[in-house]
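Below is one structure, written out as structure tokens; the observations come after it.
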Amino acid sequence: MKAVDDISSDELMAYIDGELGDTRRQDVERAAQENPALAHRIDALREQAARLREAFSPVLDEPVPTRLLHSARPRRNRWAQAAMVAAALGLGAAVGSLTTRWAFAPRAERIARQDRPNRFLEQARLAYAVYTPDPRRPVEVRRRSALVTWLTRRMGRPIAAPDELPHGLELIGGRLLPGMPDHPAAQLMYQDAQGRRVTVYLRGMAKPTAPTAFRIIDGKHVTTLYWIDGNWGYALSGNLPRGQLLDVSRALYRCYAGKQGPAAE
Amino acid sequence: MASRELLVEQIPHLRRYARVLVGYGRADEADDLVQDTLERACAKWHLWQSDRSLRPWLFSIMHNLFVDQRMASSGALEQSLDEIPEPKVAAGQEAWLDAISLIQSVHNLPLPLREVLLLVCIEGLGYREAAQTLGIPMGTVMSRLSRARAQLLQCTEGKTAAARASLQVVGRKMP
């Protein structure tokens, strides 16, 4: 094992950015356990990275000026271009055909037609499976005030993140995830005293979606309870008894809708 | 039209990189750079190998364009630090202060440092990709990254403390 002093600043960077080989990574981790100053520096650098990403992300949501959209027209070779024009004209002749409307519909609209509760549910469960086991960075933002501000801005609606939920669940933090075009998704993560984690996943549905009452889907390792209200989908996932999840989801429902929860189906 | 969609998807990231290069308070100039980059990329589209990620390829075009333009205007763009526009949505005062002071600190870094910081830390490029994008060795990426982060830590710690202190003073105004 190498001494702490052996860890160069380059290696520290590579460690933070996940570019260090396994052996050296373990060296750094061991060194950090023995040296509080190093551990503190690692924490500070990690927090810095998270804050940088947060501070520089709002520009990604700004509407793109049309002049830029107009400039984005990759040139092909001429024959290919001619062939495409011909194809477009040919298709255009079939006025009113569904195929034409499909082919020329803007991408977001096309994808919106594919949105459905099942897709929402898949995304919610995938996000649960990916992030809850992560020991290092289960969430992007931990501080509650920053989290609420950030998610509210990115989601375009107030996002509540209660500090506590029933059955001793406490907020760890949250992250933003790709949902559907123009509909980013948010994931909040909670943990109880036994270290069991549950996630709340929510996003706007890409097309108007009828409200649904609480529905419960049991999986092998996770139970998901979801509902759709006001064109917003909410999914609570966790490996807890159904009764507890139901209590939690009622609390969430009240928090987001400000009224009594619908009955379970 | 697939290639056009691929390109359009990258525009928000190009705009962000351009602002880091040009200056956060100069959104229009930054968008000019984005436009030049898009036009150059479209003209050279046949040179993009689809096995290479599109975003780093576009970033390298933008980087080269910017360096050329700056050489031509002999550093005129580096003159002053711009004001950073207020976020459109009201945010918690503390979070807002933090973000603003961070952006400002990033802009006080020399260009080579803030570029590496954006590519690796914010865009999440690997060291190899970042090195390829900027046309520098990987070792240089790492040493710049290390300097950028250290300088930034120093100045954010100072600034946040100062900002908090001034907030407290305001809060304690006499009735």
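Throughout, a chain's letter reflects where its sequence line sits, starting with A, and its residues are numbered from 1.
With a 4.5 Å cut-off on side-chain heavy atoms, A:R41 and B:L153 count as touching.
The structure places CG of A:D17 at 5.5 Å from CG of B:L145, a figure rounded to the nearest 0.5 Å. Once rounded to the nearest 0.5 Å, the distance linking CG of A:L52 with CZ of B:R114 reads 13.5 Å. In this structure, CG on B:D31 lies 5.0 Å from CZ on A:R67, to the nearest 0.5 angstrom. Taking CG from A:L12 and CZ from B:R149, the interatomic distance works out to 8.5 Å, rounded to the nearest 0.5 Å. B:D32 CG to A:L68 CG: the interatomic distance, rounded to the nearest 0.5 Å, is 9.0 Å. Between B:M138 atom CE and A:E19 atom CD the span is 6.0 Å, to the nearest 0.5 Å.
When all heavy atoms of A:R53 and B:C121 are compared, the closest pair comes out as NH1-O, 3.3 Å. Nearest heavy-atom pair across B:L7 and A:P74 is CD2-CG, 3.9 Å. Pairing each heavy atom of B:I11 with each of A:A72, the nearest pair is CD1-CB, 4.3 Å. In terms of heavy-atom proximity, A:Q48 sits nearest to B:L152 at NE2-CB, 3.3 Å.
Using a 4.5 Å cut-off between heavy atoms, B:R147 makes no contact with chain A at all. Residue contact with chain A, scored on non-hydrogen atoms closer than 4.5 Å, involves the backbone and the side chain of B:A43 alike. No part of B:A27 comes within reach of chain A, as not one of its non-hydrogen atoms sits under 4.5 angstrom from that chain.
Interface check for chain B: of the options A:L45, A:V148, A:D61, the most heavy-atom pairs under 4.5 Å are formed by A:L45. Options B:V20, B:V141, B:V34, B:D36 differ in how many heavy-atom pairs under 4.5 Å they form with chain A, and the most are formed by B:V34. Interface remark: of the candidates A:A50, A:S57, A:G18, A:A14, A:A14 forms the most heavy-atom pairs closer than 4.5 Å to chain B. Options B:M142, B:R15, B:K44 differ in how many heavy-atom pairs under 4.5 Å they form with chain A, and the most are formed by B:R15.
Judged by distance alone, the side chain of B:R16 and the main-chain N or O of A:F56 form a donor-acceptor pair under 3.5 Å.
Within 6.0 Å of the CZ atom in B:R128, the count of heavy atoms belonging to other residues, nucleotides or ligands does not exceed 12.
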